[in-house]
Amino acid sequence: MRLTSDFYLRTDVVQVARDLLGKVLITEFDGLRTTGLITETEAYRAPDDRACHAWGNRRTPRTEVMFWEGGHAYIYLCYGMHHLFNVVTGSEGMAHAVLIRAIEPLEGGDTMLARRYPTLPQPPKIRPALTTGPGALAQALGLHSSQTGQNLLAPDSPVWIEERGISVPETRIAAGPRIGVESAGECALWPWRFWLRDSLFVKRGKS
DNA sequence: CAAACGATCGGCT
DNA sequence: GCCGATCGTTTGC
């Protein structure tokens with residue numbers, strides 16, 4: 001079942017980040033379907049969160065989609081080469097988003113391998129490095145910053161998220177500080193990163 | 001207009 | 001563990 005707007009419109013982005021664990025992220029470009037179980041997320045919340053691009057509710061051309069209604073994709077270029085995929089949440093005017101940091105491949109593994117390792121004559125086998133880390137999973141799924149603003153709820157959207165009845169009890173969820181936001185002051189300590197303890201497809205904080 | 005800076009990754013030590 | 005790649009966004013002059 002595809003997630004509906006009531007999932008994304010909730011105003012507690014930290015809870016949404018937890019709830020996205022165990023959901024399935026899907027892309028279908030040019031008839032190539034790739035899907036993965038979401039295993040790691042981070043919440044970002046303007047205006048009070050200094051680590052959020054829209055901190056202080058500042059609107060720039062880039063952050064504009066963060067202010068849109070929940071259910072859109074915010075995809076931006078990081079370090080000049082990585083395209084990071086976020087899910088916008090909350091109602092219009094709230095700049096809240098969840099960064100998807102890792103997935104476990106479910107379908108389309110060969111397509112993911114071809115996208116990630118296009119120059120290797122023999123692509124490697126499926127392994128955590130294929131889809132662990134926000135830049136890695138976005139590349140594997142064919143996500144690109146040019147697609148920012150995509151509506152995950154549109155029937156013809158090439159990107160969406162599904163609920164497939166995978167049970168994620170609280171005991172499977174671990175939480176800790178977000179990665180790469182050390183310069184965000186006190187916000188850097190907030191435990192707004194979540195991951196599935198038992199997944200091998202998580203960048204750090206396994207176990 | 002110039003310049004600094006990333007919500008990272010992979011290769012090498 | 002450390003370091004370089006690489007470029008759009010943002011801010012400051």
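The basis for the numbers below is simple: all heavy atoms, side chains too, and nothing from hydrogens, waters or symmetry mates. Reminder, nothing fancy here: chain letters follow the sequence lines and each chain counts from 1.
Look at NE2 on His53(A): it is 7 Å from C1' on dG6(B), rounded to the nearest Å. Put simply, CD1 on Ile75(A) is 16 Å from P on dT8(B), counting in whole angstrom units. Remark: P of dG6(B) and CG of Asn86(A) are 17 Å apart, rounded to the nearest angstrom. Remark: P of dC3(C) and OH of Tyr79(A) are 15 Å apart, rounded to the nearest angstrom. Put simply, CZ on Arg45(A) is 18 Å from P on dA7(B), counting in whole angstrom units. Atom NZ in Lys203(A) sits roughly 13 Å away from atom C1' in dA7(B) (whole-Å rounding). Per the geometry, NE2 belonging to His83(A) stands 13 Å off P belonging to dT6(C), to the nearest Å. Across the protein-nucleic acid pair, Leu77(A) atom CG and dT10(C) atom C1' stand 14 Å apart, rounded to whole Å.
Of the candidate nucleotides dT8(B), dA7(B), dT10(C), dT8(B) has the atom lying nearest to any side-chain atom of Ile179(A). When distances run from any side-chain atom of Arg58(A) to the nucleotides dT8(B), dT11(C), dA5(C), the shortest one goes to dT11(C).
You'll find the side chain of Phe29(A) stays beyond 4.5 Å of the side chain of Leu141(A), heavy atoms only. The closest side-chain heavy-atom distance from Arg10(A) to Thr89(A) is not below 4.5 Å.
Separation of atoms OG1 (Thr35(A)) and CH2 (Trp160(A)) is listed at 9.5 Å; rounding is to 0.5 Å.
Between Trp190(A) and Trp192(A), the two ring planes are tilted [angle within 30° to 60°].
Neither OP1 nor OP2 of dA7(B) sits under 4.0 Å from any side-chain N or O of Arg193(A).
Pairing partner, dT8(B): dA5(C), with both Watson-Crick or wobble hydrogen-bond distances short of 3.5 Å.
No hydrogens or angles were tested; on distance alone, nothing pairs the side chain of His82(A) with the base of dA7(B) as donor and acceptor under 3.5 Å.
Using a 5.5 Å limit on the distance between ring centres and a 30° limit on the angle between planes, the aromatic ring of Tyr44(A) counts as stacked on the six-membered base ring of dA7(B).
Contact annotation for Arg62(A): backbone-only contact, meaning every heavy-atom pair under 4.0 Å involves sugar-phosphate atoms and none involves a base. Within the 4.0 angstrom heavy-atom criterion, only backbone atoms of the sugar-phosphate kind lie near Ala136(A); the bases stay farther away. Using a 4.0 Å heavy-atom distance criterion, Arg116(A) is classed as a sugar-phosphate-only contact.
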Full working for side chain to side chain donor-acceptor pair (under 3.5 Å) between Arg116(A) and Gln139(A): CA-CA 6 Å; Arg116(A) 290 273 289 135; Gln139(A) 185 180 22; 2.8 Å; yes

